[in-house]
Participant: 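Take a look at this one; I'll ask things after.
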Amino acid sequence: RSLLLASVRPGAVPLRHGSRLASQLLSTLAGHPGVCRQARHGACLALADVAWLAEHRPPAWWQPLQPHHAALLEAARATHSSASSPPALVGAPHRSASGAGLAAQGALLAAVRGALVRLRCPPAAPDKLSGAAFGHLSEGSLVLPELRLVLEVFGPLDELRAALVEGSAEGVAASPGGTRGRGLVPLVELRHAQLQHLGWRVEALRASEWPTAPPEEDVGVLHRREELVIRRRLAEA
């Protein structure tokens, strides 16, 4: 998956051996029959992503797969799609945090959810979701099924991580497997592209865009400012 999401600098030597390397990695995984038996298995999710990228956003160096490699990817995709609960919610890679960062993310998510409830647009509970789309959600996703909208909430650590990625990718052209310039890490961009392909709209809401209350501000005023942000975001969607 990382190989397909990789970017190269303009004018750099092309990744000539990318397809061969991908074939070698798939052969290694094919030697472990149990890799696709559990949808929550990290390798199964990664292989399902590889299958999606190969079909919808193949890089320029991608070559047609050998039959047994194609069968491996198809098995991973089928296992992932048939999951009874959203595997990405178990622990999305871009959401790993601890301590104060996790607490800040949770507080922000609760505040956004509260604003949606006050506006009578309550997000769906994760255990009530069904269908292929739920496999591409993270624990920062708030799903509004009636609007076919996923509101992705990014906490302070998510913003810092994205800024570091943007800084390291400065002057780097995006590969066909991903895009740059939106302040998102490649794996998050992939999740959004997968949701959009399934007919969902995705809106990112960052911690820096969310209102904060000075000590003297009334809670009701803060709530109105929060609701205004949500109204604007929904209108833009």
Participant: Check for me, please, whether L228 and L116 land in the same ILVMFWY cluster - side-chain distances under 4.5 Å, paths through other members count.
Facilitator: no
Participant: Are Q194 and D49 close enough that some pair of their side-chain heavy atoms sits under 4.5 Å apart?
Facilitator: yes
Participant: Taking C-beta and beyond as the side chain, do R201 and L147 meet within less than 4.5 Å on heavy atoms?
Facilitator: yes
Participant: Could you grab the distance from atom CG of L144 to atom CH2 of W200, nearest 0.5 Å is fine?
Facilitator: 8.0 Å
Participant: Counting only heavy atoms not in R118 (residues, nucleotides, ligands), do more than 12 fall under 6.0 Å from its CZ?
Facilitator: yes
Participant: If you measure from NE2 on H68 to CG on L73, what distance do you get to the nearest 0.5 Å?
Facilitator: 10.5 Å
Participant: Once you measure the plane-to-plane angle for H197 and H56, does it fall in the parallel (<30°), tilted (30-60°) or perpendicular (>60°) bin?
Facilitator: tilted
Participant: Check the hydrophobic clustering (I, L, V, M, F, W, Y; side-chain heavy atoms under 4.5 Å; chains of links allowed) and say if L222 and V112 are grouped together.
Facilitator: no
Participant: Can you find a heavy atom in the side chain of L26 that is under 4.5 Å from one in the side chain of L65?
Facilitator: yes
Participant: For L108, is there any backbone N or O sitting under 3.5 Å from a side-chain donor or acceptor partner on R113?
Facilitator: no
Participant: So that I can tick it off, tell me whether E55 and R77 are bridged by a salt bridge, with the cut-off set at under 4.0 angstrom between side-chain N and carboxylate O.
Facilitator: yes
Participant: Are L21 and L53 linked, directly or through intermediate hydrophobic residues, by side-chain heavy-atom contacts shorter than 4.5 Å (ILVMFWY only)?
Facilitator: yes
Participant: Is any side-chain heavy atom of W210 less than 4.5 Å from a side-chain heavy atom of L205?
Facilitator: yes
Participant: Distance from F154 atom CZ to L109 atom CG, nearest 0.5 Å?
Facilitator: 11.5 Å
Participant: How long is the span from the OG atom in S141 to the CG atom in L195, to the nearest 0.5 Å?
Facilitator: 7.0 Å
Participant: Could you point out which residue of H192, R191, R206 forms a side chain to side chain contact (heavy atoms under 4.5 Å, CB included) with E152?
Facilitator: H192
Participant: Taking all non-hydrogen atoms of both residues into account, name the closest pair between A124 and P145 and its distance.
Facilitator: CB-CG, 3.7 Å
Participant: Please answer whether the main-chain N or O of E227 pairs with a side-chain N or O of R232 as donor and acceptor at a distance below 3.5 Å.
Facilitator: no
Participant: Would E209 and R233 pass as an ion pair if we require N to O under 4.0 Å?
Facilitator: yes
Participant: State, yes or no, whether a side-chain contact exists between P123 and V143 at a heavy-atom distance under 4.5 Å.
Facilitator: no
Participant: What about L151 and V117, same hydrophobic cluster or not, with Ile/Leu/Val/Met/Phe/Trp/Tyr joined at side-chain heavy-atom distances under 4.5 Å?
Facilitator: no
Participant: Nearest 0.5 Å please: distance from the CZ atom of R225 over to the OG1 atom of T212.
Facilitator: 6.5 Å
Participant: Walk me through it: do R57 and L190 pass the test side-chain contact (heavy atoms from CB on, under 4.5 Å)?
Facilitator: CA-CA 10 Å; R57 292 188 176 185; L190 171 61; over 6 Å; no
Participant: Taking atom CG of L149 and atom SG of C121, what is their separation to the nearest 0.5 Å?
Facilitator: 9.5 Å
